[in-house]
There are 2 protein chains.
Amino acid sequence: MRIGELGQAAGVDVETIRFYEKSGLLPAPARSENGYRAYGSTHLERLAFIRHCRALDIPLSEVQRLLEFVEHPNADCGDIDQLIDTQLAKVRARLKSLKALEKQLSSLRGRCGAKHIAGECGILHELVAAAHKEACVCHGHFEPKTLAT
Amino acid sequence: MRIGELGQAAGVDVETIRFYEKSGLLPAPARSENGYRAYGSTHLERLAFIRHCRALDIPLSEVQRLLEFVEHPNADCGDIDQLIDTQLAKVRARLKSLKALEKQLSSLRGRCGAKHIAGECGILHELVAAAHKEACVCHGHFEPKTLAT
DNA sequence: AGAAACCCTGTAGTTACTACAGAGTCAAGG
DNA sequence: CCTTGACTCTGTAGTAACTACAGGGTTTCT
Ligand SMILES: [Zn+2]
Ligand SMILES: [Zn+2]
Ligand SMILES: [Zn+2]
Ligand SMILES: [Zn+2]
């Protein structure tokens, strides 16, 4: 199996495959006489595993760790749950902040109705005003002297 | 106002401020005799605006465009709504995929109960199995020959 | 034989910062 | 007067996970 076929089979760009190899995630395959990489089915499995994890937004460094578990099945699994827990917590945190973001943006969107000049655009006004506010929730405004806890 | 004070006032790291200047988002301020940057209140306003937009996850290139609108208030505002619309669409798309992700991860998490060796961990099994599936939803498996549309 | 399509290595670009390295400036304390 | 510490300056390199060449060699099809 050459790199292009592997890429086709796994739905991955060839450059990405070479990148995974360089990063130590995918073992360097044998080379055929012409120097082309020659992959076997284990490579396809491993690549699919990596892509599946990436689809779960698991960072490559953690995928690396998971792959080590796959290869050393006698290790204690405690770290696996923790890895997933961490990932889940990250996703939930991001979800929460994205929901807040959606609210902000859609309320912002409502500020502009018909066409007009930028100087009278409610969106722009709101953005400028919000940036002025002391109590702006979204970005970390704070009085450095008054509230130095 | 020196760069450190500006950073304090806006809640932004000094390196980030210099980065914004280099990127053309924050105008280069005057320099005092010793070569230190000397900022005024307009810089603080502008910086706050940038941070507010960034908190809305608006990319710097779009923040740049918004700043141009702020400076040319006579321009047509049509592009502003569109910018926000685009941003909103991106956020909603990300929100949708994150929700799916959360579902996957939490179901995955349920696969592992008590402690055991990695070879018997339901999480790991599931990850490996899912990567094998033809119909894996999350990452783009596809039969290149059979379904070549 | 010649062109298209594939493969190789290595480097640089993307985003939005963050982290130095190495040097200069300034106020306060001993 | 000298030193220490906090601040500032420039410029470069690193982060995550790819993506996009440049400049070559090889295979395959016609
Ligand atoms: Zn998958
Ligand atoms: Zn408008
Ligand atoms: Zn804000
Ligand atoms: Zn387990």
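Every chain is numbered from 1, with letters handed out A, B, ... down the list of sequences.
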- line: Assign each of Asp57(B) and Arg2(B) the nucleotide of DNA chain C bearing its closest heavy atom; nearer the 5' end lies the nucleotide of Asp57(B)
task: Can you check each nucleotide of nucleotides 9-15 of chain D against protein heavy atoms at under 4.0 Å and return B for base, S for sugar-phosphate only, - for none, in 5' to 3' order?
output: SB-B---
message: If you apply the rule side-chain contact (heavy atoms from CB on, under 4.5 Å), what do you find for Leu60(B) with Phe19(B), and how did you get there?
response: CA-CA 11 Å; Leu60(B) 289 181; Phe19(B) 167 73; 3.8 Å; yes
- request: Nearest whole angstrom, please: distance from the P of dT14(C) to the CZ of Phe19(B).
  value: 12 Å
message: Under 4.0 Å from OP1 or OP2 of dA17(D): is there any side-chain N or O of Thr16(A) that close?
response: no
field: Nearest-Å distance for atom pair CZ/P, residues Arg54(A) and dA16(D)
entry: 11 Å
- prompt: Under the 3.5 angstrom rule, does the side chain of His43(A) hit a backbone N or O of Gly40(A) as a donor-acceptor pair?
  reply: yes
field: Residues Asp57(A) and Arg94(B) bridged, charged N to O under 4.0 Å
entry: yes
- request: Start with the C-alpha distance between Leu124(A) and Cys77(B), add both sets of side-chain angles, then the distance that settles side-chain contact (heavy atoms from CB on, under 4.5 Å), and finish with yes or no.
  value: CA-CA 9 Å; Leu124(A) 211 53; Cys77(B) 96; over 6 Å; no
- request: Answer yes or no: is there an ion pair linking Lys99(A) with Glu102(A), defined by an N-O contact shorter than 4.0 Å?
  value: no
message: Between C1' on dC18(D) and CG on Leu60(A), what's the gap in Å once rounded to a whole number?
response: 9 Å
Interatomic distance, Leu25(B) CG vs dT15(C) P [rounded to whole Å]: 12 Å
- request: Measure from OH on Tyr20(A) to C1' on dA16(D) and round the result to the nearest Å.
  value: 11 Å
- line: Separation of dA16(C) atom P from Leu47(B) atom CG, nearest Å, is 16 Å
- prompt: Whole Å only: how far is the CD atom of Gln8(A) from the C1' atom of dA5(C)?
  reply: 13 Å
field: Rounded distance (Å) that lies between atom C1' of dC7(D) and atom CG of Leu6(B)
entry: 15 Å
- prompt: Distance only, no hydrogens: is a donor on one side chain within 3.5 Å (strictly under) of an acceptor on the other, for Tyr20(A) and Arg54(A)?
  reply: no
